[in-house]
Amino acid sequence: MSLPQNIALTGGIACGKSTLAEGLRARGWHVIDTDRIAHDVLTSGTETWKNVVDAFGSSILQPDQSIDRKVLGRLVFADPLLRAKLNEITHPAIRSVWQREREERARTHPTHSLAVMIPLLFECELEQMFSAVWCVGASRVAQLNRLQARGLSEVEAAQRIASQMPVAEKMARANIAFWGEGTPAVLLSQLDQVRFS
């Protein structure tokens, strides 16, 4: 029987991280999604929400006082200094939540494998916190097409891709790399090739 795994799942934007995470869940893994946590910590009225509103102003708020993520995204992906400011506010809050979740899960389910999905793992130098790093990559054309299918303009899509470490570099630094270019089924079939020690 293989030992429980404790991995980080990363990759380029729109490369297939969520698909791979679903595949892991289907195979009995517990997956902590830091994108979900990022949404949670920005819920109206939280301390992180207040800090972001203080830093960026009320123009990022919708009528119900929730943060308009599209407006905020347009601001921060057009300006590296604003993006750094947002990361400075949100990353510590996000990290404390997933670390707490991971510790709790290890305590309650010590024999279960666990993955934490962290898009900016290498950018934030968090890889040493895991026994292994899995990375999903795809071509820039595929990334652009998928982001535009999500409603971004070509310029907005390109800004988001440019804000991350190049996919090839992420894949080279990972313990296991997956290629998310094709259909979800093709990506998930690669999971079955992984051999655990």
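Basis for what follows: all heavy atoms, side chains included, without hydrogens, waters or symmetry-related copies.
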With a 4.5 Å cut-off on side-chain heavy atoms, are Trp134 and Leu24 touching? yes

Between Arg25 and Glu22, is a salt bridge (Lys or Arg N to Asp or Glu O under 4.0 Å) present by the stated rule, with each step listed? CA-CA 5 Å; Arg25 286 190 185 101; Glu22 283 308 312; 2.5 Å; yes

Do Thr46 and Leu42 come close enough that some side-chain heavy atom pair is under 4.5 Å? no

Within a strict 4.5 Å, meaning less than it, do heavy atoms of the Phe178 and Leu187 side chains meet? yes

Kindly say whether Gly12 contributes a backbone atom to a donor-acceptor pair with the side chain of Lys17 at under 3.5 angstrom? yes

When rounded to the nearest 0.5 Å, the distance separating CZ of Arg107 from CD of Glu103 is 10.5 Å

What one should report as the nearest heavy-atom pair of Met165 and Glu123 is N-OE2, 2.8 Å

Kindly determine whether Ser153 and Gln148 satisfy side chain to side chain donor-acceptor pair (under 3.5 Å), including the steps that lead there. CA-CA 6 Å; Ser153 70; Gln148 287 176 265; over 6 Å; no

For a 4.5 angstrom cut-off between non-hydrogen side-chain atoms, does Phe56 reach Leu72? yes

Any pair counted as side chain to side chain donor-acceptor pair (under 3.5 Å), so long as it reaches residues 56-68, sequence neighbours left out: Gln62-Ser66, Asp64-Ser66

Is it true that His39 and Arg69 share a donor-acceptor pair across their side chains at a distance under 3.5 Å? yes

Criterion salt bridge (Lys or Arg N to Asp or Glu O under 4.0 Å) on Glu88 and Arg83, from CA distance to verdict: CA-CA 9 Å; Glu88 206 174 281; Arg83 193 164 66 251; over 6 Å; no

With a cutoff of under 4.5 Å between side-chain heavy atoms, which Ile, Leu, Val, Met, Phe, Trp and Tyr residues group with Leu152? Ile13, Leu144, Leu147, Ile161

Looking only at heavy atoms, what is the nearest atom pair of Thr48 and Ala93, with distance? OG1-CB, 3.5 Å

Does Glu169 CD have over 12 foreign heavy atoms under 6.0 Å away? yes

For Leu20 and Leu188, which heavy atoms make the closest approach, and how far apart are they? CA-CD2, 4.3 Å

Is Val136 reachable from Leu126 through a run of I, L, V, M, F, W or Y residues, each pair having side-chain heavy atoms under 4.5 Å apart? no

Ion pair Arg27/Asp192, N-O distance below 4.0 Å: yes

Is the count of non-hydrogen atoms from other residues, nucleotides or ligands lying under 6.0 Å from Glu47 atom CD greater than 12? no

Side chains of Leu120 and His91 in contact at under 4.5 Å (non-hydrogen atoms): yes

Working to the nearest 0.5 angstrom, can you tell me the gap between Leu191 CG and Trp29 CH2? 8.5 Å

Atom pair CD/CG of Gln128 and Leu121 - distance to nearest 0.5 Å: 8.5 Å

Under a 4.5 Å side-chain heavy-atom rule over Ile, Leu, Val, Met, Phe, Trp and Tyr, are Val31 and Val194 clustered together? yes

Side chain to side chain contact (heavy atoms under 4.5 Å, CB included) partner of Ile32, the single match among Gln99, Met117, Glu101: Glu101

Per side chain to side chain contact (heavy atoms under 4.5 Å, CB included), Leu61 is matched among Ile67, Val52, Val71 by Ile67

Report yes if some heavy atom in the side chain of Ile7 is under 4.5 Å from a heavy atom in the side chain of Val133; otherwise report no. no

Find out whether Met129 and Arg102 are in side-chain contact, i.e. whether some heavy atom of one side chain is under 4.5 Å from a heavy atom of the other. yes

Rounded at 0.5 Å granularity, tell me how far OG in Ser113 sits from CZ in Arg105. 10.5 Å

Before you tell me yes or no, could you show the steps for Thr10 and Phe122 under side-chain contact (heavy atoms from CB on, under 4.5 Å), namely the whole-Å CA-CA distance, both residues' side-chain angles and the distance that decides it to 0.1 Å? CA-CA 8 Å; Thr10 193; Phe122 291 122; 3.9 Å; yes

Any side-chain heavy atom of Asp40 sitting closer than 4.5 Å to one from Val97? no

Does the side-chain contact (heavy atoms from CB on, under 4.5 Å) test come out yes or no for Trp179 and Gln190, once each step is laid out? CA-CA 8 Å; Trp179 193 239; Gln190 296 170 51; 4.3 Å; yes

Stepwise side-chain contact (heavy atoms from CB on, under 4.5 Å) test for Ile118 and Phe130: CA-CA 11 Å; Ile118 307 177; Phe130 298 88; 3.8 Å; yes

Mind listing the closest non-hydrogen atom pair of Ala138 and Cys15 along with its distance? N-SG, 3.3 Å

Kindly give the heavy-atom pair with the smallest separation between Ala55 and Lys85, and that separation in Å. O-NZ, 3.6 Å

May I have the step-by-step check of side-chain contact (heavy atoms from CB on, under 4.5 Å) for Gln143 and Val167, ending in yes or no? CA-CA 10 Å; Gln143 288 178 285; Val167 168; 3.8 Å; yes

If you measure only the distance, is there a donor-acceptor pair under 3.5 Å linking the side chains of Gln5 and Ser131? no

Does CD belonging to Glu125 count more than 12 external heavy atoms closer than 6.0 Å? no

So OG1 of Thr90 and CD1 of Ile37: to nearest 0.5 Å the spacing works out to 12.0 Å

When rounded to the nearest 0.5 angstrom, what is the spacing between OG in Ser163 and CG in Asp79? 12.5 Å

Give me the atom names and distance for the closest heavy-atom approach of Val116 to Thr34. CG1-CG2, 3.9 Å

